[in-house]
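Notes follow the structure.
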Amino acid sequence: MGAAIQIDPSTGRKVFRTRAAKASEKIAGKGYTIVTDKTLTTLPPPPPGAAFNAEEQGRYRAFKEARQGAADYMAMEGQFARYLEDVYSEPPVARDALDDECDVLVIGAGFGALLLWYRLMQAGFTDVRFCEKGGDVGGTWYWNRYPGIACDVESYSYLPLLEEMGHIPSVKFASGFEILEYCQTMAERFGFYDRCLFHTTVKETIWDEPSGRWIVKTDRGDAMRARFVVLANGILTTPRLARINGMETFKGSSFHTSRWNYDVDLKGKRVGIIGTGATAVQVVPEIAKVVKELYVFQRTPSSIDVRDQRATTAEEYATWPHEPNWAVNRRERHALISAGRSALQANDDFLSGKVEAFKERKQHERKLSPEEMITAQLNTNFRIMEQIRSRVDSIVKDPKTAAALKPYYTYGCKRPTFHDEYLPTFNLPHVHLVDTAPSGVKEINQRGVVHDGVEYQLDVLIYATGFEWMGTGSFNMIRGREGRTLKEKWETEGTKTFLGIHSRGFPNLLIMNGPQGGGGQFNFTRVSEMHAKYVVWALETVQARKARTIDVTREAEDEYAEHCAQMDLLSAPLRDCISYYNGDGRARPGSLAYYGGGERWHNRRVAAQQAMTPYVFDAAQVETQEPRPQERSEAV
Ligand code: NAP
């Protein structure tokens, strides 16, 4: 078998040793600095009388229309495939190919997979195997290790299983490096490493009807069989490049932020970064500290909210471990704060349960209609955006740069960002904002970027151009009962799932955190928790029924797709801009994230688990005691 695959003599089961070593000690960093200047950590008040009137609505519309059709991305294929190489680990550990069978095969080794493994273990499922493209656990936190990386959801609510692990993060917004280390500790503690095949990319997952198994083929020559396959490979997994003329001719160093090349020393270099989304907002202040010249090529400004990073206090370290379920309760309270604005003053008291509400709820004289509710939300939203825009003016000294940094769209329409050092960075003499609105960078040559007839000569070019949203890179390689791939099914019928977890014709396939999957929440750990528990319920139900497979009915799937579309359309005015959330303005309503809210998703889940009508089990159904549906309280 070799050293990488051994047999555990007590169980007779295979144990894997495929975790790769870290490629270099240079791969290290920290996230948000603690900023003590209160003027940088507080939003200015909204201007008096700020109202989302016809003039302002027109300005938002013009901002959007100018950018219509500008987004143009491409996959990292052919000569661009090198941008996908794993720069974080030593080469893959050599091992034999596998052609055996397991009960549950999970694709991914990030938060979703780690959480799922913990829940499966608790439920007594042990014949579980994981396939992971990277050389170690962490998923997002494995691939994204750029300078400045941190989580925008407060860590006390974001990191899973904090009580079980007896852990409290060191700061409110942990750095990506701290989160990665936490993932590694979880994996060690839960015996995850023994079960994971690292540097193993699943290439084909094909349903075999006669055997009732999925045949899973990988780039390591494996052809494994599994009763159940779970996709836990993330929602922003596949990096994408902007398609720009001449990009292949650039002679300097270049890489994508999700494969940060620490062998390229930025000290004293002329560096360009394309894109100003959540990633660039974290990268820019960090690299500005070392480079000689920094050019930030922006098409659309992000909304830069306050961060207000702080260290965990001695009191918190001392008291939290004695409060039962402190982290779970906190995560539930956190879910009530919209768009993750948990840095705002007073929120800590609410999150820790010291006060009952995080803001005074406005009492309306009568119940508002959904449309009136949206109008009220748009007005509140406008005032927040006015504060965000005032903040730019109050920090950035050059008026032209400040004007370009101001976003005109609803808060949350594009992914909100949070930083207390990003805006001041543009006051530094060696940092230059290059406003490429509305079309973006269109030309690169061997020396650098060309825009509006000006050539920006660069030593290093960094693509902060993001990821495919709700694209795991695997929907096109999973072939179900009808011989179609998931991608083919969704391209012809529109995205069709039940609860975002099942898709008809793909029996025993469970999708965590996929399209329509009850997401639409800023804290994805909460979604992963509920999906992991649901997967365990589905497996237990199949077992209890002595069934072979679980699938869903066409009616259930059609009705759910219609519901997702309606929820999307209802709240669409709040997302009326060009954003990856709406497929850069091209997605069919209801085809990507779920916009019904966590509560509605729960109600649908509970109703389905009680009625059982959406599900189809093949093989004779035997009268048995079924596992009860998850309680609402244990759903997350
Ligand atoms: P992103 O939000 O998709 O940003 C891509 C950027 O590239 C956008 O600013 C886009 O401009 C720009 N762009 C594309 N083509 C361009 C061109 N030709 N010229 C100029 N600019 C161009 O990607 P991201 O920043 O990597 O973030 C992705 C997601 O990852 C985030 O939204 C978030 O969900 C997650 N993330 C989370 C954290 C965290 O929790 N701390 C940190 C980083 C990322 P337009 O806006 O005009 O399209």
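Whatever order the structure lists them in is the order used to number ligands and atoms, beginning at 1. The analysis underlying the following values was restricted to heavy atoms, covering all of them including side chains, and did not include hydrogens, waters or symmetry mates.
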> Polar-atom distance check: Thr276 versus ligand 1, any N or O pair below 3.5 Å?
Replying inline: yes

>> Does only the side chain of Ala70 get under 4.0 Å from ligand 1, or the backbone, or both, or neither? Count heavy atoms.
In response: neither

> With a 4.0 Å cut-off on heavy atoms, is Arg67 touching ligand 1?
Replying inline: no

>> Looking at Thr436 and Gln298, would you say the former's side chain and the latter's main chain have a donor-acceptor pair under 3.5 Å?
In response: yes

> Under the side-chain hydrogen bond (donor to acceptor under 3.5 Å, both in side chains) criterion, do Glu443 and His451 qualify, and how do the steps go?
Replying inline: CA-CA 7 Å; Glu443 190 186 341; His451 185 74; over 6 Å; no

> What residue and heavy atom of the protein are closest to atom 47 (O) of ligand 1, and at what distance?
Replying inline: Thr300 OG1, 2.5 Å

> Is a side-chain N or O of Ser155 found less than 3.5 angstrom from the main chain of Ala174, in a donor-acceptor match?
Replying inline: yes

> Would a 4.5 Å heavy-atom cut-off, applied to side chains only, mark Thr140 and Ser258 as touching?
Replying inline: no

> Which is closest to atom 1 (P) of ligand 1 in terms of heavy atoms, Ser302, Pro301, Ser258, Gly466?
Replying inline: Gly466

> For atom 33 (C) of ligand 1, which of Glu443, Arg415, His451 has the closest heavy atom?
Replying inline: Arg415

> Is a side-chain donor or acceptor of Lys30 paired with a backbone partner of Phe177 at a separation under 3.5 angstrom?
Replying inline: no

> For ligand 1, which part of Val441 has a heavy atom less than 4.0 Å away: the side chain, the backbone, both, or neither?
Replying inline: both

> Do Arg82 and Ser254 have side-chain N/O donor and acceptor atoms under 3.5 Å apart?
Replying inline: yes

> Is the closest heavy atom of Gln298 to ligand 1 under 4.0 Å?
Replying inline: no

> Is ligand 1 less than 4.0 angstrom away from at least one heavy atom of Tyr146?
Replying inline: yes

>> Give me the nearest non-hydrogen protein atom to atom 5 (C) of ligand 1 as residue plus atom name, then the distance to 0.1 Å.
In response: Ala464 O, 3.4 Å

>> We want to know whether Arg67 and Thr300 form a side-chain donor-acceptor pair, criterion being a heavy-atom distance below 3.5 angstrom.
In response: yes

> Taking NZ, NE, NH1 and NH2 as the nitrogens, is one of them in Lys292 or Asp459 under 4.0 Å from a carboxylate oxygen of the other?
Replying inline: no

>> As an exercise, state the distance from OH of Tyr146 to CH2 of Trp260, rounded to the nearest 0.5 Å.
In response: 9.5 Å

> Given the side-chain rings of His432 and Tyr295, with only the six-membered ring counted for Trp, is the space between their centroids under 6.0 Å?
Replying inline: yes

> Got the closest protein heavy atom to atom 48 (O) of ligand 1, with its distance?
Replying inline: Arg299 NH2, 3.0 Å

> Which ligand 1 atoms, with their elements, are less than 4.0 angstrom from a heavy-atom of Gly275?
Replying inline: 6 (C), 7 (O), 9 (O), 12 (C), 21 (N)

> So, Asp305 side chain and His419 main chain: donor-acceptor pair closer than 3.5 Å or not?
Replying inline: no

> Just which atoms of ligand 1 are under 4.0 Å from any heavy atom in Arg240?
Replying inline: 3 (O)

> Would you say ligand 1 has an N or O under 3.5 Å from any N or O of Lys414?
Replying inline: yes

> Quick one: which ligand 1 atoms are inside 4.0 Å of a heavy atom on Ala150?
Replying inline: 39 (C), 40 (O), 41 (N)

> Quick one: which ligand 1 atoms are inside 4.0 Å of a heavy atom on Gln282?
Replying inline: 41 (N), 42 (C)

> Is a salt bridge present between Arg259 and Asp86, judged by a nitrogen-to-oxygen distance below 4.0 Å?
Replying inline: no

> Short N/O distance, under 3.5 Å, between Gly440 and ligand 1?
Replying inline: no

> Of the choices Val153, Ile235, Thr279, which has the non-hydrogen atom that lies closest to atom 44 (C) of ligand 1?
Replying inline: Thr279

> Would one find an N or O of Thr257, backbone or side chain, under 3.5 Å from an N or O of ligand 1?
Replying inline: no

> For ligand 1, which atoms, with element, lie under 4.0 Å from some heavy atom of Ala278?
Replying inline: 25 (O), 31 (C), 43 (C), 44 (C)

> Looking only at distance, does Trp141 have an N or O less than 3.5 Å from an N or O of ligand 1?
Replying inline: no

>> Within the 3.5 Å criterion, strictly below it, is a donor on Asp420 or Gln309 matched to an acceptor on the partner's side chain?
In response: no

>> Against ligand 1, does Ala71 come closer than 4.0 Å with any heavy atom?
In response: no

>> At under 4.0 Å between heavy atoms, is it the side chain or the backbone of Arg243 that contacts ligand 1, or both, or neither?
In response: neither

>> Checking Ser571 against Arg575: is there a side-chain donor and acceptor pair closer than 3.5 Å?
In response: yes

>> To check your reading of the model: name the closest protein heavy atom to atom 30 (O) of ligand 1, its residue, and the distance in Å.
In response: Leu236 CD1, 3.7 Å

> Based purely on interatomic distance, does Phe467 place a nitrogen or oxygen under 3.5 Å from a nitrogen or oxygen of ligand 1?
Replying inline: no

>> As an exercise, state the distance from CD1 of Ile235 to CG of Asn233, rounded to the nearest 0.5 Å.
In response: 11.5 Å

> Taking atom NZ of Lys133 and atom CD1 of Ile107, what is their separation to the nearest 0.5 Å?
Replying inline: 11.0 Å

> Is ligand 1 less than 4.0 angstrom away from at least one heavy atom of Tyr73?
Replying inline: yes

> Polar-atom distance check: Tyr580 versus ligand 1, any N or O pair below 3.5 Å?
Replying inline: yes

> Does any N/O atom on Asp152 come nearer than 3.5 Å to any N/O atom on ligand 1?
Replying inline: yes

